[in-house]
Amino acid sequence: MANDQAPERSLTKIVPVEAVFFDIDGTLCDSDPLHHIAYQDVLKEIGYNNGVTIDEEFFIKNIAGRSDEEAAKNLFPDWDLEKGLEVIHQKDVRYRVLAAQILEPVKGLYDVIQWVRDRGLKRAAVTNAPRINAELMISKLGLSDFFQAVIIGSECERSKPSPDPYLKALKELNVSPDHTFIFEDSPAGIRAGVAAGIPVIGLATRNPENSLLEAGATFLIKDYSDPKLWSALQELESAEAKLKEKNA
């Protein structure tokens with residue numbers, strides 16, 4: 001990983017931990033390839049870019065992790081927003097068909113889910129995805145009974161990279177940003193978490209590592225099986241044990 005900062009020095013400051021927030025696309029599940037396929041199909045049908053298929057670099061730069069409105073503006077800067085959003089809606093319909101068939105969790109996800117459960121931490125999913133997509137993905141992953149809140153960017157005053165969705169999650173779960181951390185995979189999501197005053201662990205599943213670090217990620221992991229993550233969580237547990245002894 002490009003970041004040499006020791007993760008344990010970055011997370012122990014939030015002891016005692018109260019909550020963990022998760023983005024969904026690219027964070028709970030490796031869904032970006034499915035979105036990319038759906039976009040390729042729909043854009044090709046309307047003759048976008050003279051019929052030349054959008055590549056992964058274009059997808060990451062202009063679409064991945066962004067709200068529907070931002071993606072529509074990036075794709076169709078000269079179009080009326082509503083017209084652009086109609087194409088995004090068509091993509092979402094195509095995406096849900098794909099996701100219902102082949103959605104896969106990010107490696108090690110259920111180990112982290114169990115870690116959160118075992119400690120009785122509060123948890124929320126915070127996403128720019130439409131609610132119908134978010135609930136489909138959460139259900140397909142078997143996590144419908146895990147999240148205590150599902151915060152949708154478009155249902156807030158502003159979507160990510162604004163902090164509004166994460167601020168809403170803090171309010172709904174009645175937790176402090178000083179005792180919460182986030183898992184995110186996109187620069188927009190990381191900027192949102194940082195702006196809300198919450199440390200963010202970046203998942204380098206698809207987006208360039210330097211873009212995640214520049215957005216303010218505390219440190220990066222490849223996936224939830226990354227030893228760097230478990231070292232950080234062990235340090236958290238040790239710090240919490242010491243705090244309990246001190247307060248006993």
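Treat the numbers as computed from the prediction; the structure is a model and nothing was measured. If you read the sequence from its start, that first residue is 1, and numbering goes on from there.
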With distance as the sole test, does [X] use its side chain to make a donor-acceptor pair with the main-chain N or O of [Y] at under 3.5 Å?
{"X": "Asn62", "Y": "Phe58", "value": "yes"}
{"X": "Lys122", "Y": "Leu173", "value": "yes"}
{"X": "Arg66", "Y": "Ala64", "value": "yes"}
{"X": "His179", "Y": "Pro16", "value": "yes"}
{"X": "Lys107", "Y": "Asp226", "value": "no"}
{"X": "Asp80", "Y": "Glu82", "value": "yes"}
{"X": "Lys140", "Y": "Ala100", "value": "yes"}

Walk me through whether Ile201 and Ile182 qualify under side chain to side chain contact (heavy atoms under 4.5 Å, CB included).
CA-CA 6 Å; Ile201 299 173; Ile182 295 169; over 6 Å; no

Got a second to check how far [X]'s [atom1] is from [Y]'s [atom2], nearest 0.5 Å?
{"X": "Ile190", "Y": "Leu220", "atom1": "CD1", "atom2": "CG", "answer": "7.0 Å"}
{"X": "Arg158", "Y": "Leu167", "atom1": "CZ", "atom2": "CG", "answer": "8.5 Å"}
{"X": "Ile14", "Y": "Leu236", "atom1": "CD1", "atom2": "CG", "answer": "5.5 Å"}
{"X": "Ser225", "Y": "Asp111", "atom1": "OG", "atom2": "CG", "answer": "8.5 Å"}

When you check the side-chain N and O atoms of [X] and [Y], is any donor under 3.5 Å from an acceptor?
{"X": "Ser31", "Y": "Asp25", "result": "yes"}
{"X": "Tyr166", "Y": "Glu184", "result": "yes"}
{"X": "Thr27", "Y": "Asp185", "result": "yes"}

Hey, is [atom1] on [X] packed in by over 12 heavy atoms from elsewhere, all under 6.0 Å?
{"X": "Leu81", "atom1": "CG", "value": "yes"}
{"X": "Asn174", "atom1": "CG", "value": "no"}
{"X": "Gln114", "atom1": "CD", "value": "yes"}

Given the rule that I, L, V, M, F, W and Y join up when any side-chain heavy atoms are under 4.5 Å apart, are [X] and [Y] in one cluster?
{"X": "Val97", "Y": "Met137", "result": "no"}
{"X": "Phe22", "Y": "Leu141", "result": "yes"}
{"X": "Ile102", "Y": "Leu136", "result": "no"}
{"X": "Ile138", "Y": "Ile132", "result": "no"}
{"X": "Ile37", "Y": "Ile54", "result": "no"}

Cation-aromatic face contact Lys73/Phe76, 6.0 Å, 45 degrees:
no

Are Arg123 and Phe146 in a cation-pi contact, defined as NZ or CZ under 6.0 Å from the six-membered ring centre and within 45° of the axis?
yes

Is any side-chain heavy atom of [X] closer than 4.5 Å to a side-chain heavy atom of [Y]?
{"X": "Thr218", "Y": "Phe181", "value": "no"}
{"X": "Asn74", "Y": "Ile63", "value": "no"}
{"X": "Leu43", "Y": "Val87", "value": "yes"}
{"X": "Val42", "Y": "Tyr95", "value": "no"}
{"X": "Leu170", "Y": "Ser176", "value": "no"}
{"X": "Asn133", "Y": "Arg96", "value": "yes"}

Begin from the C-alpha positions of Asp41 and Lys91 and carry the test salt bridge (charged side-chain N to carboxylate O under 4.0 Å, His left out) through to its verdict.
CA-CA 8 Å; Asp41 290 348; Lys91 182 277 304 182; over 6 Å; no

Give the ring-plane orientation class for Phe183 versus Tyr224, where under 30° counts as parallel, over 60° as perpendicular and anything between as tilted.
perpendicular

Would Lys13 and Asp178 satisfy salt bridge (charged side-chain N to carboxylate O under 4.0 Å, His left out), going step by step from the backbone distance to the final call?
CA-CA 8 Å; Lys13 64 183 180 181; Asp178 297 329; over 6 Å; no

Output, in order, the C-alpha distance, side-chain angles, deciding distance and verdict of side-chain hydrogen bond (donor to acceptor under 3.5 Å, both in side chains) for Glu237 and Trp115.
CA-CA 11 Å; Glu237 293 174 9; Trp115 186 89; 2.7 Å; yes

Lys244/Glu240 under salt bridge (charged side-chain N to carboxylate O under 4.0 Å, His left out): CA gap, chis, key distance, verdict:
CA-CA 6 Å; Lys244 288 179 181 178; Glu240 291 204 319; 5.6 Å; no

Decide, yes or no, whether a salt bridge links Lys61 with Asp55 under the criterion of side-chain N to carboxylate O below 4.0 Å.
no

Test salt bridge (charged side-chain N to carboxylate O under 4.0 Å, His left out) on Glu45 and Arg94; report intermediate values, then the result.
CA-CA 12 Å; Glu45 287 175 2; Arg94 190 76 53 89; 3.1 Å; yes

